[in-house]
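Step one of this worksheet: look at the structure below.
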2 protein chains.
Amino acid sequence: MYPLFKKLSTALASKNIRPSFQRIKVLEYLIENPCHPTVEQIFTDLQSIIPTLSKTTVYNTLNIFHKAGLVRVLNIEDNETRYDIITETHGHFKCEECGTISNFNIDIDSIETDGLSGFKVNDRNIYFKGVCPKCLLNIKHIDRKEHIS
Amino acid sequence: MYPLFKKLSTALASKNIRPSFQRIKVLEYLIENPCHPTVEQIFTDLQSIIPTLSKTTVYNTLNIFHKAGLVRVLNIEDNETRYDIITETHGHFKCEECGTISNFNIDIDSIETDGLSGFKVNDRNIYFKGVCPKCLLNIKHIDRKEHIS
DNA sequence: GTTTGGATTTGTAATGATTACTAATATTAA
DNA sequence: TTAATATTAGTAATCATTACAAATCCAAAC
């Protein structure tokens, strides 16, 4: 039994989630791939390890993890829900050109808000959209070429 | 011709959107209903004014408005995209009990971020989740009742 | 070790939001 | 008025997600 496996198993148990093989593998995947994967990505990649895996199981597992506060659900864009292991609070940036989602640091708790007195806040999400440096470079190149021709 | 109609018409024209009757009515609806409606709500309510209205038209119109920067798309929860007329930047709070989405003031531009140098930011979104004061009251009542019984 | 009951997983069918597509309609310019 | 173009309507298709039921697994009791 690998030490990581054991560690993840107890982590799940401490949240009252029975540590089945599938659940541990999904958790492991999320930790090793903090790139905000979709259900499709998780399912496809884990199929090589668990050939009998069902997509329903991935959905079920992620919903359980979400309820237990283990993962954050990202709904930046429609029709692609993404999942993120909850570590420290950070913001998400989605590049509108290449679609990549990257993290940035932000002290969410320090944000001053007006109009939330009496509200119980459980979850704070921040996401920005725009163009990442890589794509900005490409766009500039294209612009220059178009200018020359 | 009502003055508002004329005003909305020129507003659309200034964004290079041809001011059809349907588009003006959708815009008018969004302005009069800043309650983050879903496509379903917009469609149902406008049907009484435009009986021949198609849901596809509502989708098309909202997508056009979005591209023109007239509306903000809210994807707080999966499977319910909501639309919000863009006025000033504000945060959104979704009550996990009753589902209501309310606004709160926030100076998004003043937020300090680390890790976004070189990024071109076009859109900033903040949403919190939790329980609104109304539902907090109800939950407390239920708790008390359960405690007594 | 076997049995039993409950939890988990699987796979298929259903749901529901969104998009694709095409014919009909409306609008603009000539 | 006519022709060209944009918009709308309506249906069919797509795709992510959920519902459901049967199969499987697992842990505790015997």
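These numbers come from a predicted model, not from an experiment. Excluded from the calculations below are hydrogen atoms, water molecules and symmetry mates; all remaining heavy atoms, backbone and side chain alike, are included. Residue numbers begin at 1 in each chain, while the letters A, B, ... track the order of the sequences.
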Find the distance [X]:[atom1] to [N]:[atom2] and express it as a whole number of Å.
X: A:Arg18; N: D:dC25; atom1: CZ; atom2: P; answer: 14 Å
X: B:Tyr83; N: C:dT18; atom1: OH; atom2: C1'; answer: 9 Å
X: A:Ile50; N: C:dT10; atom1: CD1; atom2: C1'; answer: 12 Å
X: A:Gln47; N: C:dG11; atom1: CD; atom2: C1'; answer: 13 Å
X: B:Glu77; N: D:dT18; atom1: CD; atom2: P; answer: 10 Å
X: A:Leu62; N: C:dT9; atom1: CG; atom2: C1'; answer: 15 Å
X: B:Lys25; N: D:dT8; atom1: NZ; atom2: P; answer: 14 Å
X: B:Leu46; N: D:dT8; atom1: CG; atom2: C1'; answer: 14 Å

Looking at B:Leu74, is its backbone amide N or carbonyl O close enough to the side chain of B:Arg82 to form a donor-acceptor pair, meaning the two atoms are under 3.5 Å apart?
no
Donor-acceptor pair, A:Thr10 side chain versus A:Lys7 backbone, under 3.5 Å?
yes
B:Ser54 side-chain N/O to D:dG10 phosphate OP1/OP2 under 4.0 Å
no
Whether B:Arg23 contacts D:dT8 is assessed here as follows: a side-chain N or O lying under 4.0 Å from the phosphate OP1 or OP2. Is that the case?
yes
Touch class at under 4.0 angstrom, heavy-atom based, for [X] against every strand present:
X: B:Thr38; value: nothing
X: A:Gln22; value: sugar-phosphate
X: A:Thr52; value: sugar-phosphate
X: A:Ser20; value: sugar-phosphate

Any side-chain heavy-atom pair of A:Leu27 and A:Ile85 under 4.5 Å:
yes
Residue met sooner reading DNA chain C from 5', once A:Ile64 and B:Glu80 are mapped to nucleotides
A:Ile64
Let's test your reading of the model: under 3.5 Å, does the base of D:dT11 pair with the side chain of B:Thr56 as donor and acceptor?
yes
Would you indicate which nucleotide in D:dA16, C:dT18, C:dT8 comes nearest to any side-chain atom of A:Tyr59?
D:dA16
Return the 5'-most residue of the pair B:Asn79, B:Asn60 with respect to DNA chain D, ranking by each residue's nearest nucleotide.
B:Asn60
Regarding B:Lys129 and B:Glu77, does a basic nitrogen lie under 4.0 Å from an acidic carboxylate oxygen?
yes
Indicate, with yes or no, if the rings of A:Phe104 and A:Phe128 have centres closer together than 6.0 Å.
yes
